[in-house]
Peer 1: 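Below is one structure. I have some questions about it.
Only this structure's heavy atoms are used, side chains among them; waters, hydrogens and symmetry mates stay out.
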Amino acid sequence: CGKPKLTYFNGRGRMESIRWLLAAAGVEFEEEFLETREQYQKLIKDGALLFDQVPLVEIDGMKMVQTRAILNYIAAKYNLYGKDLKERAFIDMYVEGTTDLMGMIITFDFTPPKERNLPLIIERATTRYFPVYEKALKQQGQEFLVGNQFSWADVHLLEAILMVEEREPTVLSKFPVLQVFKARISNIPTIKKFLQPGSQRKPRPDDQYVATVMKILKK
Ligand SMILES: N[C@@H](CCC(=O)N[C@@H](CS(=O)(=O)O)C(=O)NCC(=O)O)C(=O)O
């Protein structure tokens, strides 16, 4: 089996966390971008999408769908899922927290402008989510979130921090430990490379991306 192949729209959506995790693990991957409804319908006809949905990741001879299942597989395969069941439990809790936070932002981009509520997202980030990670890092000697080793939880938290900062650059002003964490994790060579221009990291969604997704899915 060659490199994993990711099939999705040419944007972040649900696939971006998969791109981050593979990149952090130093795993090169290929991408196929859905630009037309015909491409999507062909995938369905070919039986490639178990639930007629993307993200699709072809890896180790499998056609994986369901974002969480894909992420769990990659985290376990590349030893980013802790060293025992309890560490994995904490990684899962932390990742579900940053998933909820990033989910608010992903939904925000697909919400009609007049219904968007950015203050609520910033309020949740700064009162419900970031304080948890600030405290966890303080307890863990500030290096990594779980088991004093680099894990999926660290990758996912950095992705979430950068996503919130894109909307509110001062959001970490009251979180000094998270500021240090962001700088340190951003300098891990595989992540540093992914953060360079020209990597497979996708830009913030724009109106064209939203329109393309709606067109392909006929939403
Ligand atoms: N639980 C699934 C949901 C996937 C999903 O809803 N995918 C959307 C595209 S997007 O929301 O990721 O942009 C889709 O294919 N929708 C088509 C459909 O549901 O008919 C996952 O986590 O992968």
Peer 1: Quick check for you: to the nearest 0.5 Å, what is the distance between Ile185 atom CD1 and Phe144 atom CZ?
Peer 2: 5.0 Å

Peer 1: Is it the case that more than 12 heavy atoms not belonging to Gln208 sit under 6.0 Å from its CD atom?
Peer 2: no

Peer 1: Check whether Tyr78 and Met62 end up in the same hydrophobic cluster, where Ile, Leu, Val, Met, Phe, Trp and Tyr are linked by side-chain heavy atoms less than 4.5 Å apart.
Peer 2: yes

Peer 1: Can you name the nearest heavy-atom pair linking Tyr8 to Arg12, along with the distance?
Peer 2: CE2-O, 3.5 Å

Peer 1: Would you say Arg116 has more than 12 foreign heavy atoms packed within less than 6.0 Å of its CZ?
Peer 2: yes

Peer 1: Under 6.0 Å from the CG atom of Asp207, do we count more than 12 heavy atoms belonging to anything else shown?
Peer 2: no

Peer 1: Are Leu158 and Leu162 side-chain neighbours, meaning at least one heavy-atom pair lies under 4.5 Å?
Peer 2: yes

Peer 1: Taking atom types as modelled, find out whether Tyr81 and Asp92 have a side-chain donor-acceptor pair closer than 3.5 angstrom.
Peer 2: yes

Peer 1: Could you check if a side-chain atom of Ile161 sits within less than 4.5 angstrom of a side-chain atom of Phe175, using non-hydrogen atoms only?
Peer 2: no

Peer 1: Might you work through the side-chain contact (heavy atoms from CB on, under 4.5 Å) test for Leu195 and Ser186, ending with a clear yes or no?
Peer 2: CA-CA 8 Å; Leu195 292 172; Ser186 300; 3.8 Å; yes

Peer 1: Surrounding NZ of Lys83 (heavy atoms of other residues, nucleotides or ligands, distance under 6.0 Å), is the total greater than 12?
Peer 2: yes

Peer 1: Do Ile18 and Phe29 make a side-chain contact, defined as non-hydrogen atoms from C-beta onward lying under 4.5 Å apart?
Peer 2: no

Peer 1: Between Tyr73 and Asp60, does any side-chain donor sit less than 3.5 Å from a side-chain acceptor?
Peer 2: yes

Peer 1: State, without any angle test, whether Glu159 and Thr98 hold a side-chain donor-acceptor pair at a distance under 3.5 Å.
Peer 2: no

Peer 1: Quick one, Glu28 and Leu22 - any side-chain contact, counting heavy atoms below 4.5 Å?
Peer 2: no

Peer 1: To the nearest 0.5 Å, what is the distance between CZ on Arg19 and CD on Gln200?
Peer 2: 8.5 Å

Peer 1: Report yes if the side chains of Tyr40 and Glu38 come closer than 4.5 Å at any heavy-atom pair, otherwise no.
Peer 2: no

Peer 1: Determine the sole option in Ile106, Val213, Asp109, Ile105 for which the side chain to side chain contact (heavy atoms under 4.5 Å, CB included) test with Pro205 is passed.
Peer 2: Asp109

Peer 1: Determine the minimum heavy-atom distance between Leu80 and Ala25, stating which atoms define it.
Peer 2: CD1-CB, 4.0 Å

Peer 1: Do Phe110 and Met102 sit in one hydrophobic cluster, given that two such residues count as connected whenever their side-chain heavy atoms are within less than 4.5 Å of each other, even indirectly?
Peer 2: yes

Peer 1: Would you call Lys5 and Glu30 a salt bridge, using N to O less than 4.0 angstrom?
Peer 2: no

Peer 1: When you check the side-chain N and O atoms of Gln149 and Ser151, is any donor under 3.5 Å from an acceptor?
Peer 2: no

Peer 1: Please check if the side chain of Thr190 supplies one atom and the backbone of Gly26 the other of a donor-acceptor pair under 3.5 Å.
Peer 2: no

Peer 1: Kindly assign one of parallel, tilted or perpendicular to the pair Trp152 and His156, based on the angle between their ring planes and the thresholds 30° and 60°.
Peer 2: perpendicular

Peer 1: Answer yes or no: is there an ion pair linking Glu134 with Lys174, defined by an N-O contact shorter than 4.0 Å?
Peer 2: no

Peer 1: Counting C-beta onward and ignoring hydrogens, is there a side-chain heavy-atom pair between Arg14 and Val54 closer than 4.5 Å?
Peer 2: no

Peer 1: Give the C-alpha distance, both sets of side-chain angles, the deciding distance and a yes or no for side-chain contact (heavy atoms from CB on, under 4.5 Å) between Phe108 and Asn117.
Peer 2: CA-CA 8 Å; Phe108 177 90; Asn117 185 349; 5.9 Å; no

Peer 1: Tell me, please, which residues at least two apart from Lys86 pass side-chain contact (heavy atoms from CB on, under 4.5 Å).
Peer 2: Asp84

Peer 1: With sequence neighbours excluded, tell me which residues meet salt bridge (Lys or Arg N to Asp or Glu O under 4.0 Å) with Arg128.
Peer 2: none

Peer 1: Taking the side chain as every heavy atom from C-beta outward, state whether Leu6 and Leu56 have any pair of such atoms under 4.5 Å apart.
Peer 2: no

Peer 1: Salt-bridge test for Glu16 and Arg204: reply yes if a basic N is under 4.0 Å from a carboxylate O, no otherwise.
Peer 2: no

Peer 1: When you look at Gln41 and Thr36, which way does the side-chain contact (heavy atoms from CB on, under 4.5 Å) test go after all the steps?
Peer 2: CA-CA 9 Å; Gln41 290 173 321; Thr36 68; over 6 Å; no

Peer 1: Mark yes or no for whether Lys215, through its side chain, and Val210, through its backbone, hold a donor-acceptor pair below 3.5 Å.
Peer 2: no

Peer 1: Can Phe9 and Ile216 be said to form a side-chain contact (heavy atoms from CB on, under 4.5 Å), step by step?
Peer 2: CA-CA 9 Å; Phe9 315 108; Ile216 294 171; 3.8 Å; yes

Peer 1: Other residues, nucleotides and ligands only: do more than 12 of their heavy atoms fall within 6.0 Å of NZ on Lys63?
Peer 2: no

Peer 1: Backbone N or O of Gln66 within a donor-acceptor pair of the Gln53 side chain at under 3.5 Å?
Peer 2: no

Peer 1: Identify every side-chain donor-acceptor pair in residues 118-126 under 3.5 Å, counting partners at least two apart or on other chains, and give the distances.
Peer 2:
from, atom 1, to, atom 2, distance (Å)
Glu123, OE2, Thr127, OG1, 3.3
Thr126, OG1, Ile122, O, 2.8
Thr126, OG1, Glu123, O, 3.3

Peer 1: To the nearest 0.5 Å, what is the distance between CG on Leu21 and CD1 on Ile74?
Peer 2: 5.5 Å

Peer 1: Spell out, yes or no, whether Phe51 and Ile70 are grouped together once hydrophobic residues are joined by side-chain heavy atoms under 4.5 Å, including indirect joins.
Peer 2: yes

Peer 1: Rounded to the nearest 0.5 Å, how far does OG1 of Thr7 lie from CZ of Phe33?
Peer 2: 10.0 Å

Peer 1: Using the benzene-type ring in the case of Trp, are the ring centres of Tyr133 and Tyr94 under 6.0 Å apart?
Peer 2: yes

Peer 1: For Ile191 versus Val155, what's the shortest heavy-atom pair and its separation?
Peer 2: CD1-CG2, 4.5 Å

Peer 1: For the OG atom of Ser17 and the CZ atom of Arg68, what is their distance to the nearest 0.5 Å?
Peer 2: 11.0 Å

Peer 1: Just so I know, are the side chains of Leu178 and Leu157 near enough to count as touching, which here means a heavy-atom distance under 4.5 Å?
Peer 2: yes

Peer 1: Any donor-acceptor pair under 3.5 Å linking the side chain of Asn10 with the backbone of Glu35?
Peer 2: no

Peer 1: Please report the interatomic distance CZ(Arg88) to CE(Met93), rounded to the nearest 0.5 Å.
Peer 2: 12.5 Å

Peer 1: Does CZ belonging to Phe90 count more than 12 external heavy atoms closer than 6.0 Å?
Peer 2: no

Peer 1: Indicate yes or no: does Lys138 engage Glu143 in a salt bridge with an N to O separation below 4.0 Å.
Peer 2: no

